[in-house]
Asker: 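One structure coming up, written as structure tokens, with questions to follow.
Letters A, B, ... are given to chains in the order of the sequence lines, protein chains preceding strands, and every chain is numbered from 1.
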There are 2 protein chains.
Amino acid sequence: MTQFRSGCPIASALDIIGDKWSLVIIRSMVVGATSYSDLLSTPEKISTNILAERLRRLEDAGLIRQSQPRQGSIRGAYALTTKGAALIPVVQELARWGETQIPDRWTPPERFYAARPSDFAARDSYPAAD
Amino acid sequence: MTQFRSGCPIASALDIIGDKWSLVIIRSMVVGATSYSDLLSTPEKISTNILAERLRRLEDAGLIRQSQPRQGSIRGAYALTTKGAALIPVVQELARWGETQIPDRWTPPERFYAARPSDFAARDSYPAAD
DNA sequence: ATTTCTTACTTGCATTTTGCAAGTTAAAAA
DNA sequence: TTTTTAACTTGCAAAATGCAAGTAAGAAAT
């Protein structure tokens with residue numbers, strides 16, 4: 001259970017996702033990453049223990065869920081929840097800031113800026129059949 | 001000089017402001033805080049060494065500047081730069097997320113959501129006369 | 001049935017960051 | 001001259017981060 005520093009929505013949001021990796025994970029999921037190894041294979045080269053720890057925290061905070069558990073060598077899958085998908089406008093705005101204020105950043109794919117929270121239809125409380 | 005994990009604008013933005021305090025400081029400045037003691041007196045109770053370190057980093061990254069140095073017991077002042085003010089849509093979006101997704105968060109003052117980057121007119125390279 | 005491979009981690013440890021509490025500095029105010 | 005104020009710095013303990021190596025479970029291959 002997250003301890004909040006204050007009642008401020010910004011400070012509280014940062015108590016949940018205020019680190020260098022959480023929104024990077026959300027970004028990767030917006031553009032299609034689903035499995036642990038998908039998330040491991042991004043350009044930023046996250047460490048395995050950090051990825052595991054962040055996924056656990058994001059799940060505990062209700063932002064992602066395991067839509068399919070791993071079975072042996074059949075890969076598992078994570079999905080954004082409604083609450084997690086609601087962060088899409090935040091990461092899109094952060095992307096705009098980064099593109100305009102930091103030189104030589106690449107432009108995200110169109111599907112990133114086209115993504116909307118409703119694209120990630122909630123299946124928050126039962127596993128997917130696919 | 002910030003080391004970036006990748007060329008991604010989001011990851012790079014987080015390399016600069018991806019911690020629990022930086023955007024809280026930006027928020028406080030959007031709603032009027034200017035001095036070190038203003039920033040110290042927010043509900044979150046930041047530690048003095050962390051505040052000093054964050055202010056140094058934000059200044060090094062070009063997001064804030066010292067608009068007036070402290071003179072003895074005459075307080076100094078920090079101001080958002082153009083680059084820093086460009087983060088306003090990000091913190092506004094984060095506030096919306098926090099308000100809707102985290103129970104019992106207070107609503108920011110109207111002047112917070114009304115704020116626009118252009119309100120913080122750039123004086124990036126010369127000190128203010130006021 | 002056994003062995004190999006894949007996927008998702010866990011573990012140990014060194015380094016870095018965070019944060020508490022106390023202390024310092026410089027200049028204005030008394 | 002002394003006191004107060006504002007903005008820090010310092011020392012240290014605890015927590016977080018991240019590297020590299022290792023483990024577990026089940027599918028795939030033999």
Asker: For A:Glu53 and C:dG12, what is the distance between atoms CD and C1' respectively, to the nearest whole Å?
Answerer: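 So the two atoms are 16 Å apart, to the nearest Å.
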Asker: Find the distance A:Ile50:CD1 to C:dT16:P and express it as a whole number of Å.
Answerer: 15 Å
Asker: Without decimals, in angstroms, what is the distance between A:Arg54 CZ and C:dT10 P?
Answerer: 14 Å
Asker: Once you apply a heavy-atom cut-off of 4.0 Å, does A:Thr48 come out as touching a base, just sugar-phosphate, or nothing?
Answerer: base
Asker: B:Arg5 near the nucleic acid: base, sugar-phosphate alone, or nothing, with a heavy-atom cut-off under 4.0 Å?
Answerer: nothing
Asker: Output yes when A:Arg96 and A:Glu99 qualify as a salt bridge under the 4.0 Å nitrogen-oxygen rule, no when they do not.
Answerer: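 Between A:Glu99 and A:Arg96 there is no salt bridge, as every charged N stays at least 4.0 Å from the carboxylate O atoms.
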Asker: Between C1' on C:dT25 and CD on B:Gln71, what's the gap in Å once rounded to a whole number?
Answerer: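 Answer to the nearest Å: 15 Å.
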Asker: Under 4.0 Å from any heavy atom of chain B: name the first and the last nucleotide of DNA chain D that qualifies, 5' to 3'.
Answerer: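 For DNA chain D, the relevant span reads D:dT5 to D:dT10.
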Asker: We want to know whether B:Ser22 and B:Arg57 form a side-chain donor-acceptor pair, criterion being a heavy-atom distance below 3.5 angstrom.
Answerer: no
Asker: Is there a donor-acceptor pair under 3.5 Å between the side chain of A:Thr81 and the backbone N or O of A:Leu63?
Answerer: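 Yes, because the side chain of A:Thr81 sits within donor-acceptor range (under 3.5 Å) of the backbone of A:Leu63.
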Asker: Hey, does the side chain of B:Asp15 reach the backbone of B:Thr2 with a donor-acceptor pair shorter than 3.5 angstrom?
Answerer: no
Asker: Could you pick out which residue, A:Ile46 or A:Ser73, lies toward the 5' side of DNA chain D when each is mapped onto its nearest nucleotide?
Answerer: A:Ile46
Asker: Any side-chain N or O of B:Arg57 below 4.0 angstrom from OP1/OP2 of C:dT18?
Answerer: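 Yes.
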Asker: Could you check whether B:Ile74 gets within reach of a base, just the sugar-phosphate, or nothing at all, counting any heavy atom under 4.0 Å?
Answerer: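 B:Ile74: backbone/sugar contact only, no base atoms under 4.0 Å.
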Asker: Closer than 4.0 angstrom, basic N to acidic O: yes or no for B:Glu53 and B:Arg56?
Answerer: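 Yes, B:Glu53 and B:Arg56 are salt-bridged.
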Asker: Within this structure, what is the CG-to-P distance between B:Asp15 and C:dT17, rounded to whole angstrom?
Answerer: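 Value for this atom pair: 13 Å.
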Asker: Restricting to non-hydrogen atoms, name the atom on A:Trp106 and the atom on B:Pro9 that form the minimum distance, rounded to 0.1 Å.
Answerer: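 It is O-CD, 3.1 Å.
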Asker: Linking I/L/V/M/F/W/Y whenever their side-chain heavy atoms sit closer than 4.5 Å, directly or via other members, would B:Ile74 and B:Leu39 fall into one cluster?
Answerer: no
Asker: Would you mind reading off the distance between A:Leu40 atom CG and C:dT10 atom C1', rounded to a whole angstrom?
Answerer: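 It is 14 Å, rounded to the nearest whole Å.
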Asker: Please confirm whether the shortest side-chain N or O distance from A:Arg56 to OP1 or OP2 of C:dC9 is below 4.0 Å.
Answerer: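 Checking A:Arg56 against C:dC9: no side-chain N or O falls below 4.0 Å of OP1 or OP2.
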Asker: B:Arg70 CZ to C:dA27 P: how many Å, rounded?
Answerer: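 My rounded result for the distance is 8 Å.
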Asker: So, OP1 or OP2 of C:dG19: does either fall under 4.0 Å of a side-chain N or O from B:Trp21?
Answerer: yes
